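Model, not experiment: these values are computed from the prediction. Just so you know, ligand 1 is whichever comes first in the structure, and atom 1 is the first atom listed for that ligand. Throughout, residue positions are numbered sequentially from 1 according to the sequence presented.
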Amino acid sequence: MSGLNLLFPFLSLFVIFTPNFTLVAGLSGCGPHHIQALVQFKNEFDYSGCNQTDYFNGVMCDNITGEVTKLQLPSGCFTGVLKTNSSLFGFNHLRYLNLSYNKFTSSSLSSGFGSLNKLEVLSLSSNGFIGQVPSSLSNLSRLTELYLDHNELTGGFPLVQNITSLSILNLSLNHFSGAIPSSLLTMPFLSYLNLDENHLTDPVEVRSSSTSSRLETLHLRKNPFEGKILDLISNFTTLKYLGLSFQNISYPINLNFFSSLKSLLRLDLSGNSVLETSISSDSDVPRNIEKLLLSSCDISKFPEFVRSLDRLEHIDISNNKIKGKVPEWLWNLPHLIRANLVNNAFTHLEGSNDVLTNSSLRILDLALNHFEGPVPTPPLSINLFSAWNNSFTGNIPLSVCNRSSLVILDLSYNNLSGPIPRCLSNLKDSLVVVNLRKNNLEGSIPDMLYNGSLLRTLDVGYNQLTGKLPRSLLNCSSLRFVSVDNNKIKDTFPFWLKALPGLQVLTLRSNKFYGPVSLPAEVPLAFPKLHILEISDNNFTGSLPP
Ligand SMILES: *[C@@H]1O[C@H](CO)[C@@H](O)[C@H](O)[C@H]1NC(C)=O
Ligand SMILES: *[C@@H]1O[C@H](CO)[C@@H](O)[C@H](O)[C@H]1NC(C)=O
Ligand SMILES: *[C@@H]1O[C@H](CO)[C@@H](O)[C@H](O)[C@H]1NC(C)=O
Ligand SMILES: *[C@@H]1O[C@H](CO)[C@@H](O)[C@H](O)[C@H]1NC(C)=O
Ligand SMILES: *[C@@H]1O[C@H](CO)[C@@H](O)[C@H](O)[C@H]1NC(C)=O
Ligand SMILES: *[C@@H]1O[C@H](CO)[C@@H](O)[C@H](O)[C@H]1NC(C)=O
Ligand SMILES: *[C@@H]1O[C@H](CO)[C@@H](O)[C@H](O)[C@H]1NC(C)=O
Ligand SMILES: *[C@@H]1O[C@H](CO)[C@@H](O)[C@H](O)[C@H]1NC(C)=O
Ligand SMILES: *[C@@H]1O[C@H](CO)[C@@H](O)[C@H](O)[C@H]1NC(C)=O
Ligand SMILES: *[C@@H]1O[C@H](CO)[C@@H](O)[C@H](O)[C@H]1NC(C)=O
Ligand SMILES: *[C@@H]1O[C@H](CO)[C@@H](O)[C@H](O)[C@H]1NC(C)=O
Ligand SMILES: *[C@@H]1O[C@H](CO)[C@@H](O)[C@H](O)[C@H]1NC(C)=O
């Protein structure tokens, strides 16, 4: 038993006589038998992982009646089964109940929740609840927010449509199945609905209705909807965020379907086939879209309509079959921050090699395409520049060195030649990952690493690098991963790297390293964190200490 429990008799006295008692701030105002009930509730579970002060801090009571009105468990506090007769269901003045992120694994949802009929907010997210949602839940007529997401709930769509006050309903990441009720989508106050990753199907009858809906957010990712739902959606003119990825719609989706959704800011159709004729420049797609996700949509032409999306910040057209040039206008979209063109068949960027320079892009991923010719000059504001697995040739552009916010540079698996630019040292305050693996880079690894460098990963394997390992690697105490394998580096075993406190992986395989790998017995090798050390195919003598 904890010290706090022993304190309780005194605590309740204090609470009675000094309402402002603040040892456990949350309990001020709670009646003594309510405090007792809170302790009883706690004792129904294993709460060893829990800070009990936090438990009681999550409580609020009505300071006139002493009734518990709010209970928010800290995450990870309780483990155990929430029983049907739990003392929880006696707190029938609760207005706010949040049991999220605990471990009520294998508990079913008791019909007792239906008796907490003053509840306005009920959050049971991420708890391992199983079974069906009891129909008594529809008694909670004052509920405005209901979160049942990320459990193992089953059965048909819960009876919540007649909780007309609901504005937020989150049922995502469960196993609900069967048709969704069409009335759901016309609930008068519903503004957020998340059904992601269930097994729900289209409403049986799509009633013709023009009920004014307030729906702003609708997430339906990974449900086997077959398309009828699209007819409904086109009437939700208040929608701002629409997630429709990975449905089971057998025909290509016509983007003009969404033309009525003038408020739309985010549209995710990834994993569905999109009608090619509807991505042309004359498509009537809402103009204010900020985030457009069309990954794995089976498209083979660049979506020309994007040109008129002045507010676009994030575009993802990865995993399609788009060939040829990336149009120059893309980089001139004034708010574009993030572009993902991964895994298409692009060969060129339209325009000059400087075409990206003035773009507002911060994240650009060109990986897994067929880009040829010189690497384009990266945008001035770039944070992540990835172009791995293409056919870029020529040198690494020196312009990279004055991109002072560059964090990740990945030009691996190309045909780049020439040296690794020494001026990369300019980026010691930003660069975290440099991956130049599998090119034809020559010369030695430059002394490009200075004190305080943030670099964690350096991979220059499979090039034609010669010379010695730069001793400046020592300046770089953040290094975790160093790979120089399959080059022509001629050096002795870098015992000195043991000074790097976080080094986890060091691959020297297939180079021209030589000399002893063993030290005099009394000197410990002591790489503090090293997990992987590859030294084969060199000219080392001796053997490593175990
Ligand atoms: C419990 O949480 C309170 C504040 O929430 C904090 O002051 C206290 O130190 C924590 N106790 C332990 C044992 O972590
Ligand atoms: C009771 O709570 C209300 C609002 O929460 C507050 O204004 C009032 O001062 C409290 N009364 C006492 C006696 O603490
Ligand atoms: C419920 O509590 C968790 C912390 O345990 C918090 O992150 C979450 O925002 C709360 N939910 C609501 C609806 O207040
Ligand atoms: C709930 O019922 C079980 C028996 O099914 C009993 O052992 C337990 O004490 C009861 N708990 C409460 C809080 O009444
Ligand atoms: C739900 O409400 C019905 C009547 O509206 C009532 O008969 C039933 O007892 C209530 N269920 C619970 C669990 O309170
Ligand atoms: C909720 O709706 C169902 C069917 O739509 C109905 O049978 C039930 O009586 C309603 N419950 C309440 C509490 O209104
Ligand atoms: C809904 O649930 C999902 C999955 O648990 C979560 O990622 C999302 O943030 C939740 N939305 C709200 C508004 O709580
Ligand atoms: C959409 O709204 C229009 C006009 O408001 C209405 O005629 C039509 O039946 C509605 N469609 C659906 C599927 O509700
Ligand atoms: C997807 O739709 C096809 C018919 O188009 C159907 O046969 C299949 O069962 C559906 N898949 C799922 C998971 O519902
Ligand atoms: C980028 O902007 C600068 C200054 O506005 C201008 O001088 C330069 O020509 C622009 N570069 C490109 C490639 O448009
Ligand atoms: C590079 O991409 C090609 C297909 O374009 C693929 O066959 C190859 O495995 C990829 N290489 C790597 C290292 O992923
Ligand atoms: C290893 O060293 C021997 C003798 O010092 C030399 O003959 C041989 O070519 C070297 N092998 C490699 C791969 O450098």
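At least one heavy atom of Ser172 sits closer than 4.0 Å to an atom of ligand 7.
The distance from ligand 7 to the heavy atoms of Asn194 drops below 4.0 Å at these ligand atoms: 1 (C). Contact atoms of ligand 7 toward Tyr192: 1 (C), 10 (C), 11 (N), 12 (C), 13 (C) (distance under 4.0 Å to a heavy atom of the residue). Close approach to Tyr413 involves these atoms of ligand 11, each under 4.0 Å from a residue heavy atom: 13 (C). If you number the atoms of ligand 11 from 1 as listed, the ones under 4.0 Å from a heavy atom of Leu368 come out as 1 (C), 2 (O).
The closest side-chain heavy-atom distance from Trp388 to Leu411 is not below 4.5 Å. In this structure, the side chains of Val482 and Thr507 stay at 4.5 Å or more apart for every pair of heavy atoms.
Aromatic ring orientation, His175 versus His199: parallel (interplanar angle below 30°, classes split at 30° and 60°). Aromatic ring pairs are classed by plane angle as parallel below 30°, tilted from 30° to 60° and perpendicular above 60°; the pair Tyr55 and Phe41 is tilted.
Remark: Lys438 is not positioned above the aromatic ring of Tyr413, lacking an NZ or CZ atom under 6.0 angstrom from the ring centre and at most 45 degrees off the axis.
With a 4.0 Å cut-off on non-hydrogen atoms, Leu173 touches ligand 7 through its side chain and not its backbone.
With respect to Glu216 and Lys240, a salt bridge is recorded, a charged nitrogen being found less than 4.0 Å from a carboxylate O. With respect to the salt-bridge test (charged N to carboxylate O, under 4.0 angstrom), the residues Asp537 and Arg509 do not qualify.
Val484 pairs with exactly one of Leu465, Ile489, Asp459 by the side-chain contact (heavy atoms from CB on, under 4.5 Å) rule, that one being Ile489. Between Tyr96 and the choices Glu145, Gln72, Lys70, the side chain to side chain donor-acceptor pair (under 3.5 Å) rule is met once, by Gln72.
Residue Ser126 has no N or O atom closer than 3.5 Å to an N or O atom of ligand 7.
Within 4.0 Å of ligand 9, the residues that place a heavy atom are Pro224, Glu226, Asn248, listed by chain and number.
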